[in-house]
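Note on naming: letters A, B, ... go to the chains in the order of the sequence lines (proteins, then strands), and numbering restarts at 1 for each one.
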Amino acid sequence: MLQQLETRIGGAVSQHILIRYGMDVVVAMEQPKQAAFGEFATPVAFGLAKQLRKPPRAIAEELVAELPSIDGVASLEVAGGGYINVRLDRAALALAALRGGSPAVTEGDGKVIVEHTNINPNKAAHIGHLRNAVLGDTFVRMLRASGQTVEVQNYIDNTGVQVADVVVGFHHLEKKSLEEVRALVAGEKFDYYCWDLYARISQYYKDNPESLQWRKDMLHEIESGEGELAALGTLVADAIVECHLNTMLRLGIVYDVLPRESEILHMQFWASAFKQLKERKAIYFETEGKNKGCWVMPGSAFDSNREDEDSKVIVRSNGTVTYVGKDIAYQMWKFGLLGKDFHYKLLRTYGDGHPLYVATGAADAPVNFGRGRKVFNVIDSRQSYLQDVVVAGLNALGYDEAAKNSIHFSYEMVALSPRTCIEMGIELSDEDAARPYVEVSGRKGLGVKADDLIDKLIDSALAEVASRNEDRSADEQFATAHAIAIGALRYFLLKFTRNTVIAFDFQEALSFTGETGPYVQYSAVRAGKILSKAGAHDAPAPESFARLLAEEGLWQYLLAVSKTDQAMASALAAGEPAHMARYAFQLAQQFANFYHDYPVIHETDAEKRSFLLWMTAQFRAAFERTASILGIPIPEFM
RNA sequence: GGGCGCGUAGCUCAGUUGGAUAGAGCAUCAGCCUUCUAAGCUGAGGGUCGCAGGUUCGAUCCCUGCCGCGCCUACCA
């Protein structure tokens with residue numbers, strides 16, 4: 001509601017400038033550095049100064065004197081060299097909050113598709129995958145909270161090189177039969193087993209380059225979809241997908257549909273895309289040079305600085321399509337531009353009844369996916385070049401709208417701090433030890449597994465919870481520890497802006513104090529505790545608002561809880577879940593101060609006590625809304 | 001070589017389309033638990049916003065050059 005007020009004030013000033021000076025300007029509203037300057041400020045007079053040939057301060061004074069009164073605004077003041085500071089009508093804001101201002105919801109005009117996670121189904125998920133999934137999931141929650149219809153896709157590359165490599169490992173290195181691998185799948189931590197096997201086969205290739213032929217042959221077997229080895233590939237990939245879904249579920253991350261590469265192949269999505277690309281001359285057949293015999297996209301199509309010689313191979317000389325080619329087909333499908341569709345079957349139903357479908361070749365479940373208006377691909381920034389090629393493909397096909405609405409929601413990688421590498425017993429070269437971080441590598445088996453990290457967080461939280469809450473049952477303690485682990489992990493991954501490389505460090509990730517998820521949870525729990533202890537209470541008397549809000553501290557707290565929508569709007573506009581996380585932290589800081597300054601339950605002034613309880617409830621509501629957008633659960637106790 | 005990104009306190013990072021005295025956490029030091037949970041609160045120290053120019057009334061932010069670092073630049077994904 002503060003959000004709407006800000007827009008309204010900006011609009012009123014803009015309107016007045018248009019009438020008074022005949023100038024159409026956008027009035028920027030900002031938050032003053034100091035609370036003493038008021039709630040909003042605009043430097044609009046500075047911008048007008050040059051054109052009006054008047055000092056900014058004179059213009060500001062003119063504006064303040066002539067502006068008609070604005071609803072919800074108590075006063076306007078000129079400050080500094082020409083700022084216009086806005087002071088709000090405190091009681092009016094409180095009254096609006098009491099009546100329950102509706103959260104700002106933008107009307108969605110079509111489905112938004114968010115694709116995230118996309119882990120190769122050949123080994124356990126690691127910390128880098130978690131950043132992708134948590135960013136994607138949080139962004140989805142933000143979009144949904146703002147009223148948009150969102151479909152969450154998790155693409156499964158179940159026929160790619162990485163799966164083939166692990167199958168090679170099972171077949172050639174371990175000489176295991178389908179049945180033997182089936183037994184492994186039924187056991188514990190199959191994804192961990194594959195993690196090690198993948199590292200082994202990668203090393204084996206390195207030591208025995210001639211064995212790379214195994215990989216080529218295996219890819220053919222898997223792509224054909226027939227025979228024992230293809231069955232082995234399916235077994236491995238499906239089992240690992242289950243592991244990943246379970247890992248993500250621990251963090252509250254769920255999906256709507258899993259499109260799969262195997263279906264893209266078998267349903268010949270690529271053939272349709274290939275036909276269109278050829279017809280529209282988006283790609284051409286290279287007859288000379290290093291790419292002779294390939295279908296390529298000219299470099300100038302996806303990068304204006306490139307020469308056409310820097311073309312990107314889409315179809316190899318042996319006739320097989322590259323990943324980018326398949327990705328173009330998949331992206332076309334997302335917009336409903338391919339003229340083909342998957343069929344689906346129900347893969348699982350989540351605890352809350354939410355169904356998850358997986359793509360299949362034959363009709364089964366009567367559901368539809370795709371046909372999005374806007375598509376966000378959550379993919380790390382190392383793949384920006386490939387994402388450019390995909391968009392260029394859409395452009396070349398004449399799908400300008402789709403190209404414009406294809407958004408690479410990029411983020412930097414998660415690396416490991418040298419200290420953490422040493423803790424994990426990873427040997428570092430002198431060169432690596434001197435760097436600020438060390439890149440993780442699935443091939444080397446170098447990385448922090450997601451489940452290990454979650455386990456470690458739960459253990460650490462449980463020790464703390466148990467020592468503080470001896471009277472609680474083991475189940476209750478565990479539930480809280482789990483919530484704290486999720487809160488700590490999700491907040492840790494969200495507090496960095498997207499283009500910051502995270503140097504993962506156990507000590508920082510396991511911290512529960514300071515700017516962390518548990519700090520936010522702790523504040524929310526404390527607010528809940530006050531409310532439950534106070535029991536039923538009446539709404540505060542509106543007549544008391546003016547008196548109580550004259551107290552600067554209380555006014556600042558009311559402002560803080562009223563800023564959730566603003567934080568959301570900012571986070572959404574910037575595409576930065578980190579902004580939402582920061583707001584959650586600031587809210588927690590505000591509550592910590594409130595908690596310290598006002599002994600709510602012990603307040604003797606009845607009117608004030610009623611108001612303080614109401615304020616506590618406002619805090620609690622803001623926490624619940626914000627935490628749920630961040631996917632951070634609030635435990636019953638801490 | 002080219003493309004993209006980064007460089008802000010001892011460390012890790014924010015910094016709202018250019019705006020008022022550049023912020024937070026950690027770490028360090030000094031305080032605060034018979035009062036709704038100390039996973040907390042208060043205070044202190046700590047800055048040439050990589051360097052040099054330019055644009056502007058005003059630059060951490062925009063432009064140019066330079067220095068340092070990272071990623072990408074495959075008929076891998």
Side-chain angles (χ1 to χ4, degrees), chain A residues 26 28 30-34 37 41-43 46 49-50 55-56 79-83 85 118 120 157 160-162 215 261 286 290-296 299 303 305-307 310 312-318 320-324 326-327 380-386 388 410 412-413 415 417 435-437 439 461 464-465 468-469 484 488 495-497 499-503 505 507-508 511-516 518-519 521-523 525-527 529-534 566-567 570 573-574 576 578-579 582 585-586 588-589 592-593 595-603 616 637-638:
Chain A
V26 179
E30 50 193 46
Q31 194 179 317
K33 294 272 182 206
Q34 288 179 44
F37 291 149
T42 177
F46 291 100
K50 191 186 254 178
Y83 278 94
N85 290 339
N118 299 9
N120 270 302
D157 182 7
V161 172
Q162 294 209 20
R215 170 193 277 172
E261 173 143 291
E286 184 63 79
K290 60 174 183 167
N291 293 330
K292 185 177 178 183
C294 299
W295 285 89
V296 301
D303 185 342
N305 290 307
R306 280 173 180 268
E307 301 295 325
D310 291 333
K312 179 68 192 167
V313 172
I314 304 297
V315 179
R316 304 183 185 97
S317 54
N318 67 3
T320 57
V321 57
T322 59
Y323 172 81
V324 191
K326 284 181 275 196
D327 224 23
D380 77 77
S381 61
R382 286 174 291 195
Q383 298 198 43
S384 59
Y385 164 68
L386 297 170
D388 288 347
S410 74
E412 275 290 348
M413 64 177 169
S417 74
R435 288 173 202 254
Y437 50 78
E439 198 172 343
E464 196 69 27
V465 171
R468 290 159 185 261
N469 301 277
I484 291 171
K495 71 194 269 193
F496 300 95
T497 49
N499 61 4
T500 297
V501 176
I502 298 179
D505 187 88
Q507 197 169 309
E508 282 178 33
S511 166
F512 296 155
T513 61
E515 194 194 339
T516 65
Y519 175 82
Q521 292 170 312
Y522 188 62
S523 285
V525 166
R526 279 173 143 184
K529 190 69 177 292
I530 292 174
L531 294 171
S532 67
K533 214 158 191 173
Q566 272 189 315
S570 149
E576 283 289 7
H579 291 178
R582 183 154 290 270
F585 174 64
Q586 285 166 348
Q589 278 185 316
N593 287 322
Y595 186 91
H596 185 259
D597 293 347
Y598 297 92
V600 179
I601 291 177
H602 303 103
E603 177 58 52
T616 306
F637 64 94
M638 277 179 82

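- The distance between atom CG of A:Asp327 and atom C1' of B:C76, rounded to the nearest whole Å, is 14 Å.
- Residue A:Lys326 is classed as having no contact, given no heavy-atom separation below 4.0 Å to the nucleic acid.
- For B:C33, the base is syn relative to its sugar; the glycosidic angle is within 90° of 0.
- Side-chain to base pairing of A:Ser317 with B:C75: one donor and one acceptor N or O lie within less than 3.5 Å of each other.
- At B:G25, one or more side-chain N or O atoms of A:Gln589 fall inside 4.0 Å of OP1 or OP2 (strictly under the cut-off).
- By the 4.5 Å heavy-atom criterion applied to side chains, A:Gln521 and A:Ile484 are counted as neighbours.
- No N or O donor and acceptor, one from the side chain of A:Asn118 and one from the base of B:A77, sit under 3.5 Å apart.
- Phosphate proximity of B:A77 to A:Arg316: present, with a side-chain N or O under 4.0 Å from OP1 or OP2.
- When distances are taken from the side chain of A:Asn291 to each of B:A39, B:G40, B:C75, the shortest belongs to B:C75.
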Working for ring pair (Phe, Tyr, Trp, His ring centres under 6.0 Å), residues A:Phe512 and A:Tyr519: CA-CA 7 Å; A:Phe512 296 155; A:Tyr519 175 82; over 10 Å; no
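- The shortest heavy-atom contact between A:Ala574 and A:His579 is CB-CE1, 3.7 Å.
- The gap from the P atom of B:A77 to that of B:C72 amounts to 16 Å, rounded to the nearest Å.
- The separation of B:C67 from B:G47, taken at their P atoms, amounts to 29 Å, rounded to a whole angstrom.
- Nearest to the side chain of A:Asn85, among B:G70, B:U12, B:A20, sits B:A20.
- Residue A:Arg468 has a polar side-chain atom (N or O) positioned under 4.0 Å from OP1 or OP2 of B:A39.
- Residue contacts shown for A:Phe37 include a base, since a base heavy atom lies under 4.0 Å away.
- Among the nucleotides B:C75, B:A39, B:C36, the one closest to any side-chain atom of A:Phe512 is B:A39.
- Summarising the geometry, the separation between CZ on A:Phe46 and C1' on B:A20 is reported as 8 Å, rounded to the nearest angstrom.
- Here, B:C61 and B:C6 have their C1' atoms 15 Å apart, quoted to the whole Å.
- Atom C1' of nucleotide B:U37 and atom CG of A:Asn469 are separated by 9 Å, given to the nearest angstrom.
- Between A:Asn593 and B:C41 there is no side-chain N or O to OP1 or OP2 distance below 4.0 Å.
- One P atom belongs to B:A44, the other to B:G58, and the distance between them is 33 Å to the nearest Å.
- Out of B:G40, B:C36, B:A20, the shortest distance to the side chain of A:Ala592 is found at B:G40.
- Within the shown strands, B:C6 is the pairing partner of B:G68 under the Watson-Crick or G-U definition, both distances less than 3.5 Å.
- One can place CD of A:Gln31 at 16 Å from C1' of B:U21, the figure rounded to the nearest angstrom.
- Backbone-only engagement by A:Thr500 is indicated by non-hydrogen atom pairs under 4.0 Å involving sugar-phosphate atoms exclusively.
- Considering only side-chain N and O atoms, A:Lys529 lies under 4.0 angstrom from the phosphate OP1 or OP2 of B:U37.
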Nucleotides 26-35 of chain B: protein proximity per nucleotide (B base, S sugar-phosphate only, - neither; heavy atom, under 4.0 Å): S--------S
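- Rounding to whole angstrom units, CG of residue A:Asp380 and P of B:G70 are separated by 17 Å.
- A:Asp157 places a side-chain N or O within donor-acceptor distance of the main-chain N or O of A:Gly160, the cut-off being under 3.5 Å.
- Ion pairing between a basic and an acidic side chain is recognised when a charged N comes within 4.0 Å of a carboxylate O; A:Glu515 and A:Arg582 show such pairing.
- Nucleotides B:U73 and B:A27, compared at atom P, are 40 Å apart to the nearest Å.
- For the C1' atoms, the distance linking B:G18 with B:C69 amounts to 27 Å, nearest Å.
- Mapped onto RNA chain B by nearest heavy atom, A:Asp597 and A:Ser570 fall at different nucleotides, with A:Ser570 at the one closer to the 5' end.
- Note that the CD atom of A:Gln507 and the OG atom of A:Ser417 stand 9.0 Å from one another [nearest 0.5 Å].
- Within the 4.0 angstrom heavy-atom criterion, base atoms lie near A:Val465.
- Look at CD1 on A:Ile314: it is 14 Å from C1' on B:A77, rounded to the nearest Å.
- A:Thr497 places no side-chain N or O within 3.5 Å of a backbone atom of A:Asn499 that could act as its donor or acceptor partner.
- Under 4.0 angstrom from either OP1 or OP2 of B:C72 there lies no side-chain N or O belonging to A:Tyr385.
- Nucleic acid contact for A:Val161: sugar-phosphate only, since backbone atoms but no base atoms lie under 4.0 Å from a heavy atom of the residue.
- The distance from atom CD of A:Glu30 to atom P of B:U16 is 11 Å, rounded to the nearest whole Å.
- The shortest distance between the side-chain N/O atoms of A:Arg582 and the OP1/OP2 oxygens of B:G15 is not below 4.0 Å.
- Looking at heavy-atom distances under 4.0 Å, A:Val324 makes no contact with the nucleic acid at all.
- Straight-line distance from the CZ atom of A:Phe585 to the P atom of B:G15: 15 Å, rounded to whole Å.
- Taking the ring-ring contact (aromatic ring centres under 6.0 Å, His included) definition, one finds that A:Phe46 meets it with A:Tyr83, sequence neighbours left out.
- Across all strands, A:Gln34 comes closer than 4.0 Å to base atoms (heavy-atom distances).
- Picking from B:U17, B:A74, B:A39 the nucleotide with the shortest atom distance to the side chain of A:Lys312 gives B:A74.
- Here B:C72 is the nucleotide among B:C72, B:U12, B:G70 with the atom lying nearest to any side-chain atom of A:Arg382.
- With B:U21, B:U37, B:C41 as the candidates, the nucleotide lying closest to the side chain of A:Tyr519 is B:C41.
- Comparing B:A14 with B:C26, their C1' atoms are spaced 14 Å from each other, to the whole Å.
- The gap from the P atom of B:C4 to that of B:G65 amounts to 12 Å, rounded to the nearest Å.
- Residues A:Lys529 and A:Phe637 form no side-chain contact, since every pair of their non-hydrogen atoms from C-beta on lies 4.5 Å or further apart.
- Candidate nucleotides B:A39, B:G70, B:A77 were compared by shortest atom distance to the side chain of A:Tyr437, and B:G70 ranks first.
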